[in-house]
**Q** 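Okay, handing you the structure first.
Computed from heavy atoms alone, side chains included, the values below leave out hydrogens, waters and symmetry copies. Below, read A as the first sequence line, B as the second, and so on, with proteins coming before strands; counting in each chain starts at 1. Every value quoted in this text rests on a predicted model; they were computed, and no experiment measured them.
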Amino acid sequence: MRRFASDWGDLMIRPATPAAYQLLHHGVLALAAIEHNGIRINLNTINKRREDIKEKIRDIEERLRGSKIFKEWQRSFGSKMNINSRAQLAHVLFNKLGYEAANKTAKGLPSTEAEDLERLGIGFVTGYIKQAKLKKVLSTYIEDWTVETGADGIMHPSFNLHLTETYRSQCEDPNLQNVPIRDAYIGPLIRSCVEAHDENSYFTELDFSGVEVKVSCANHKDPTMMRYLTERNAQGQLVGDMHKDMAAQIFMLPKETMPKEIRQTAKNKFVFPSFYGSYYHTMAIDLWNDCVKYKHKTTDGVDLIEHLKSKGIRELGSKDKDVKPVKGTFIYHLQQIEQDYWGRRFATYDRWKKRIWEQYLRDGGISTLTGFCIHGVFRRNQIINTGTQGPAFHCNLQSIIWIQEEIRKRKMKTKLVGQVHDSILASVPKNEFDDFAPMAKKIMTKRLCETWTWINVPMEIEVDRAPLGGSWADKKKIEVA
DNA sequence: TACTTCGGCGCC
DNA sequence: AAAGGGCGCCGAAGTA
C-alpha cells in the first residue's frame, strides 16, 4: 500500500502560521487549475514511438537469443523461463555460470541493478540492460500515457500537497515529475510526445537554478557557501564554482583546466551526496566507479585512476565499511577530504546540522522557513534535509500561485500545464510570450525575495522554450529580460 | 483473482 | 552513532 504522511499517528500536514495555511490553500487552487488545463500529448508521435521502441526491443532480443548465456537460461528454467525475471537472470549468472555479484540487495540477494550487472563486462548483459530499459519506458511512459490521455489529446496528472512528509508536492496518474531526460536517447524519445496546447503556442519551462542549495543557505547561513552563490566578476559571472573546486581537491587536478565530466562526477558523487548526508566510504566507491565507468582522463589524456596512482593513491581500499581506512587508498583520501569539507570549508553548515538535530531531539520537531511544523519520528539525515526540501519547493509553489493570478488578472490565454519541484511548465501563445516570460521571471527572482526576506542569496531562473510546433524535447534556453 | 512485497528505475 | 533526502510505477513472485 502507498504510505501517506498521515498514516503516522502523530505526523500530519500542519501549517503552523497563517502564511503557511494560505500557501497550502492557494497552492491547492493553483494546482487544481494546472490539473484542469492538463498537458498535451501528440498521439501520432506517441504511436510512432511505441512502434519504434517495440522494434528495437525485438531486435535486441533476437540477438540475445543467440547467446550462450541465453541458452543456459533456457536449460535452467525450461518453459518457466521469463526474460523479464531478474531473479532468474541472477540465478543463471551467479549460480550456474559462477560470476560474482558486484553488490547485494537490502535483503542480501545478489544485486541485478544495471550498474552492477554492467560491471561484469558481459556482452549479453549489456544487451539485456538495453532492452530492459526500453521495456521500462515503454510501459511506464508510452503505454501508460496512452491510457491516461483523453480523445482530446490532453492528459491530466494529479498534483497533491498533502501526501509528502517534507511538504513537497507529489504527482500521480501519471507522474509528470519523472519523465526521462538524462539518457540522451530515451529522453527525447519520450519528451517528443509532449507539446504545447496548440500550434500557435510555445511549450515553455521556467526553472529555478540551484534552489535547494540556495534555500539551505537560508537555514545554515554558511558564509563560504553564500559566497559561492553570490560573488560575481565585472561581467556578472559567478566567481567560484564549488563543484569544480571539489573536483580539483578530490582528483588533485588544477581547477583552471578541469574537464567538464570530472566536475560532473564530483558534483553528483560528492557534493550532492554530502548535502544529503552520505559519507566518505560510500562516496569514495561511487566516485571510483564513475572514473572506471566513464574512463575519465586528465587534460593531458592520462587515465584519472593512473593519475591518482602517480599522486600516491594506489587503490580504492576495502569495500567493507568496518575496515579502518588505510593510508594510500582512495577511501582514506576521501575521509581526509570529507574532514576538510565539513571541518573547514563549510564549518558553519556543519554546526547548523548539529544544532538542528539537537533541537529536534529536544523539542520533538522543527519548523520550516515557510511556517510548517515537521513533527514525528525522523532519522538525522531526514531532519537535516526536510527543512530545505519543503521550502525550496515552496518557492516554486508561491511563484505558481502568483503567476496563475497574473494570468487570470490579465485575461491571458497562457496555460500552466505542470510543475516539477523547481520548475514550471506552461503553454504560452505566441503573442503573449513577451509579456508572460518577463512577468514570470520577475515573480520568481524579485517578488519572491522581497516577500520571503529569509532568502539570503539571489534567485535566478532559466527559461527554456520549444519552437512553435515543437515538443518538450526541443526546448532551448532563451534570454528573458 | 486480488493483494503485498521486493527490486529496480525514472525524476528533482 | 550512523552513514543518500523526497517521490510513483512497473513486473515478478509470493500469499490470501
Side-chain angles (χ1 to χ4, degrees), chain A residues 1-5 80-90 103-117 129 132-145 147-148 157-161 163-183 186-187 189-191 207-213 215-216 268-286 321-322 334-335 338 342 353-354 357 361 374 378-390 392-393 396 418-423:
Chain A
M1 196 180 75
R2 192 174 298 163
R3 184 172 53 78
F4 296 98
K80 292 256 190 326
M81 175 181 179
N82 179 354
I83 194 166
N84 300 320
S85 167
R86 301 266 188 147
Q88 288 187 8
L89 175 61
N103 253 318
K104 296 241 178 285
T105 69
K107 300 275 172 191
L109 299 168
S111 158
T112 56
E113 68 178 78
E115 254 193 63
D116 293 328
L117 287 181
I129 295 299
K133 276 195 199 294
L134 288 170
K135 281 176 179 167
K136 161 84 180 172
V137 300
L138 181 65
S139 58
T140 305
Y141 304 99
I142 302 294
E143 301 292 17
D144 187 51
W145 286 7
V147 173
E148 295 283 357
S158 297
F159 293 92
N160 296 298
L161 295 178
L163 300 175
T164 305
E165 291 198 32
T166 56
Y167 300 102
R168 249 200 191 181
S169 68
Q170 163 255 35
C171 179
E172 61 190 4
D173 305 320
N175 182 0
L176 196 73
Q177 296 177 324
N178 69 350
V179 182
I181 190 169
R182 291 173 200 165
D183 187 295
I186 288 172
L189 204 64
I190 305 298
R191 289 185 174 230
D207 205 319
F208 276 106
S209 315
V211 68
E212 277 208 21
V213 179
V215 168
S216 86
N268 292 333
K269 300 297 158 77
F270 182 83
V271 179
F272 283 157
S274 294
F275 288 164
Y276 293 140
S278 191
Y279 80 124
Y280 69 88
H281 187 267
T282 312
M283 294 190 291
I285 294 171
D286 286 352
K321 64 181 164 59
D322 298 324
L334 251 284
Q335 189 182 35
E338 185 188 73
W342 291 119
K353 292 201 293 186
K354 286 198 183 69
W357 176 238
L361 292 177
I374 306 278
F378 292 97
R379 297 184 301 276
R380 181 175 172 275
N381 283 343
Q382 288 179 300
I383 285 301
I384 287 164
N385 284 299
T386 203
T388 292
Q389 198 183 90
F393 164 66
N396 204 41
Q419 164 270 124
V420 192
H421 309 300
D422 62 357
S423 80

**Q** A/S111 and A/T105: which non-hydrogen atoms are nearest, and at how many Å?
**A** CA-CG2, 4.0 Å

**Q** With side chain to side chain donor-acceptor pair (under 3.5 Å) as the criterion, how do A/N103 and A/D116 come out once you've worked through the C-alpha distance, each side chain's angles and the decisive distance to 0.1 Å?
**A** CA-CA 7 Å; A/N103 253 318; A/D116 293 328; 3.1 Å; yes

**Q** At their closest point, which heavy atom of A/A392 faces which heavy atom of A/V215, and how far apart are they?
**A** CA-CG2, 3.7 Å

**Q** Can you list the residues that meet the side chain to side chain contact (heavy atoms under 4.5 Å, CB included) rule with A/R380, with sequence neighbours excluded?
**A** A/K353, A/W357, A/I384

**Q** Whole angstrom is fine here: how far is it from CZ in A/F272 over to C1' in C/dG4?
**A** 13 Å

**Q** Base, sugar-phosphate alone, or nothing: which one does A/T112 contact when heavy atoms must sit under 4.0 Å apart?
**A** sugar-phosphate

**Q** Taking only N and O in the side chain of A/Q170, is any of them less than 4.0 Å away from OP1 or OP2 of C/dG6?
**A** no

**Q** Report which part of the nucleic acid A/K107 touches: base, sugar-phosphate, or nothing (heavy-atom distance under 4.0 Å, all strands).
**A** sugar-phosphate

**Q** Say you draw a straight line from CD of A/E172 to CG of A/N160; how long is it, rounded to the nearest 0.5 Å?
**A** 5.5 Å

**Q** Ignoring backbone atoms, test whether A/S278 places a side-chain nitrogen or oxygen under 4.0 Å from the OP1 or OP2 oxygen of C/dG4.
**A** yes

**Q** Determine the contact category for A/S111: base if any of its heavy atoms lies under 4.0 Å from a base atom, sugar-phosphate if only primed atoms, P, OP1 or OP2 are that close, otherwise nothing.
**A** sugar-phosphate

**Q** Check this one for me: any side-chain N or O of A/T166 less than 4.0 Å away from OP1 or OP2 of C/dG5?
**A** no

**Q** Which whole-number value in Å describes the distance from A/F159 CZ to C/dG6 C1'?
**A** 16 Å

**Q** C/dC9 P sits how many Å from A/N160 CG, rounded?
**A** 11 Å

**Q** Run the side chain to side chain contact (heavy atoms under 4.5 Å, CB included) test against A/T166 and tell me which residues pass, sequence neighbours left out.
**A** A/T164, A/R168, A/T386, A/Q389

**Q** Specify the separation, in whole Å, of atom CD1 of A/I142 and atom P of C/dC9.
**A** 17 Å

**Q** For A/I384 and C/dA2, what is the distance between atoms CD1 and P respectively, to the nearest whole Å?
**A** 15 Å

**Q** Rounded to whole angstrom units, what separation is found between the CG atom of A/L161 and the P atom of C/dG6?
**A** 18 Å

**Q** What pairs with A/S169 under side chain to side chain contact (heavy atoms under 4.5 Å, CB included), at least two apart in sequence or on another chain?
**A** A/L161, A/Q177, A/F393, A/Q419, A/H421

**Q** Report the residue (A/E338 or A/Q382) whose heavy-atom-nearest nucleotide on DNA chain C is the more 5′ of the two.
**A** A/E338

**Q** So which atom in A/I129 and which in A/A114 form the shortest heavy-atom distance, rounded to 0.1 Å?
**A** CD1-CA, 3.7 Å

**Q** Looking only at non-hydrogen atoms, find the nearest pair between A/L89 and A/L117 and report the distance.
**A** CD2-CD1, 4.0 Å

**Q** To the side chain of A/D286, which of C/dC9, C/dG8, C/dG4 is closest?
**A** C/dG4

**Q** For residues 275-286 of chain A, run the donor-acceptor check on the side chains, cut-off 3.5 Å, and write out each pair with its distance to 0.1 Å, sequence neighbours left out.
**A**
{"residue": "A/Y280", "atom": "OH", "partner": "A/Q335", "partner atom": "NE2", "Å": "3.3"}
{"residue": "A/H281", "atom": "NE2", "partner": "A/S318", "partner atom": "O", "Å": "3.3"}
{"residue": "A/H281", "atom": "NE2", "partner": "A/K319", "partner atom": "O", "Å": "3.3"}

**Q** Rounded to the Å, how far apart are A/W357 CH2 and C/dA3 C1'?
**A** 13 Å

**Q** How would nucleotides 11-16 of chain C be written as a contact map, 5' to 3', with B for base contact, S for sugar-phosphate-only contact and - for no contact, using protein heavy atoms under 4.0 Å?
**A** SSS---

**Q** Rounded to whole Å, how long is the line connecting atom CG of A/L361 with atom P of C/dA2?
**A** 14 Å

**Q** Please tabulate the protein-to-nucleotide N/O contacts below 3.5 Å involving nucleotides 10-12 of chain B, giving atom names and distances.
**A**
{"residue": "B/dG10", "atom": "N2", "partner": "A/N178", "partner atom": "ND2", "Å": "3.2"}
{"residue": "B/dG10", "atom": "N3", "partner": "A/N178", "partner atom": "ND2", "Å": "3.0"}
{"residue": "B/dC11", "atom": "OP1", "partner": "A/I181", "partner atom": "N", "Å": "2.6"}
{"residue": "B/dC11", "atom": "OP1", "partner": "A/R182", "partner atom": "N", "Å": "2.8"}
{"residue": "B/dC12", "atom": "OP2", "partner": "A/R182", "partner atom": "NH2", "Å": "3.4"}
{"residue": "B/dC12", "atom": "O3'", "partner": "A/D422", "partner atom": "OD1", "Å": "2.7"}
{"residue": "B/dC12", "atom": "O3'", "partner": "A/D422", "partner atom": "OD2", "Å": "3.2"}
{"residue": "B/dC12", "atom": "O2", "partner": "A/R168", "partner atom": "NH1", "Å": "3.0"}
{"residue": "B/dC12", "atom": "O2", "partner": "A/R168", "partner atom": "NH2", "Å": "2.7"}

